[in-house]
Protein chains: 2
Amino acid sequence: MRPGVPAPRPPDTRGCIYTPTHTVSADGSAEPYDTRLTSLGTAEIDDNMALTNPMPMGPWKITVYDQEHFQGRRMEFTACCQNIMECGMENIRSLKVECGAWVGYEHSSFCGQQFVLEKGDYPRFEAYSGSNSYRIERMISFRPICCASHKESRMTIFEMENMMGRQFELCDDYPSLQAMGWMNNEVGSMHIQSGAFVCYQFPGYRGHQYIMECDCHGGEFKCYREFGSHAQTPQIQSIRRIQH
Amino acid sequence: MRPGVPAPRPPDTRGCIYTPTHTVSADGSAEPYDTRLTSLGTAEIDDNMALTNPMPMGPWKITVYDQEHFQGRRMEFTACCQNIMECGMENIRSLKVECGAWVGYEHSSFCGQQFVLEKGDYPRFEAYSGSNSYRIERMISFRPICCASHKESRMTIFEMENMMGRQFELCDDYPSLQAMGWMNNEVGSMHIQSGAFVCYQFPGYRGHQYIMECDCHGGEFKCYREFGSHAQTPQIQSIRRIQH
């Protein structure tokens, strides 16, 4: 693909608001190790892109690179990408979130391990994969979190499956559910009334992540298997809102 | 060491409020792999400990284990531990924070990588080491964070060293400093006016951690080398309060 040429539009399966117009902005060099040279050409490429992509960027923008430290082939997205390999990129090894909140996935079509991506620089895998226990070395699909920054994020966690047992309503960030009085290290089911949250396996926002949105599954997650395609236990020990 | 026998008191170099009375509660078995048997004896040991250690637990309590998943030799602490090896434990491979907020360190005497520990269960290394980029497999010292849960946590971050350049006052949790308007991915210096904060290398509370307290260095951290003994760059992209 050449600079400024829009790549094929990937199917939009998650109700993204913005049209997936992503623009290939790297020079498509066949030399994978010639990353410094590619990087030096970035300013030129940006100008070119600005000319050929006059669309407003909207509230979401992410730039991904196929080499660490923002080197190598580079692409910008303002909406979902179901499979980065279909855009001619083998993998994502660094990225910059420039606007909005996103969720990245280990596999294509929004499957596998998931991890929240907020505004900032992620120079290598380790910066965005959330869990030490399962070392993700792939990010193949990603999408905006459309209901993040709902002015009032609110969810209820339940002790047992199917919204049964003791419950607690959350509308803040909780680095330790047990410190706020939750009885153990598990959550049986949950209901997201508004906004978006990220739930973590361990205290202090560590371990496997589950991104939970009010506009997904009607906001209802009746058992841990619905938390995510990679969920293996109901262990959840910290939860926070996703805002941007 | 035998159940209920207080171990030697380690030097207290960080101004902990509580006396370091830690109690060896494991059976000191010479068989390192006989962990299930050791675990089955825990209830009995707990009763014994309650009888021989009538001190109130106070606002901090942590239980550490020398095997993963809360198995093996077990010790409880209500104050600092400068070197777990001096207590006869080779390393810490799982832990439970039962009360208060703590900071763990890679090396003895509160040196090396640091990571915040809040109430909850940490069944293995990966649950408490914060950074994927530098895989910590040791936790040798730890201490309570005495000024956590100050009723009003407040700090100021500065663009440049020695409290110079643009500044921003923080009194909340910020998963992305850039999303709140901070100009880049670095913080030059900082001043903690009250409470305690944890600063992270990457957005979303990932990467290297720096625990910052108002009662340490007078709350002033004039350049990134003062952020921690392991700090190698001024890169900081998310910050949150430590509460319990």
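Side chains are part of it too, since the values below use all heavy atoms of this structure and drop only hydrogens, waters and symmetry mates.
Across Gln235(A), Glu98(A), Gln237(A), the residue that shares the most heavy-atom pairs under 4.5 angstrom with chain B is Gln237(A). Taking chain A as the reference chain and counting heavy-atom pairs below 4.5 Å, the highest number among Gly100(B), Pro123(B), Ala101(B), Ser176(B) is found for Ser176(B).
Expressed to the nearest 0.5 Å, how far CE of Met180(B) lies from CD of Gln243(A) amounts to 13.5 Å. Here Asp173(A) contributes atom CG and Arg241(B) contributes atom CZ; the two are 8.0 Å apart, rounded to the nearest 0.5 Å. In this structure, CG on Asn185(A) lies 7.5 Å from NZ on Lys96(B), to the nearest 0.5 angstrom. Rounded to the nearest 0.5 Å, atoms CD (Gln209(B)) and CZ (Arg206(A)) are 5.0 Å apart.
Taking the side chain as every heavy atom from C-beta outward, Phe202(B) and Arg124(A) approach each other to under 4.5 Å. Side-chain contact between Gln178(B) and Val97(A) is absent, with no heavy atoms from C-beta onward closer than 4.5 Å.
Closest heavy-atom contact between Tyr122(B) and Pro203(A): OH-CB, 3.2 Å.
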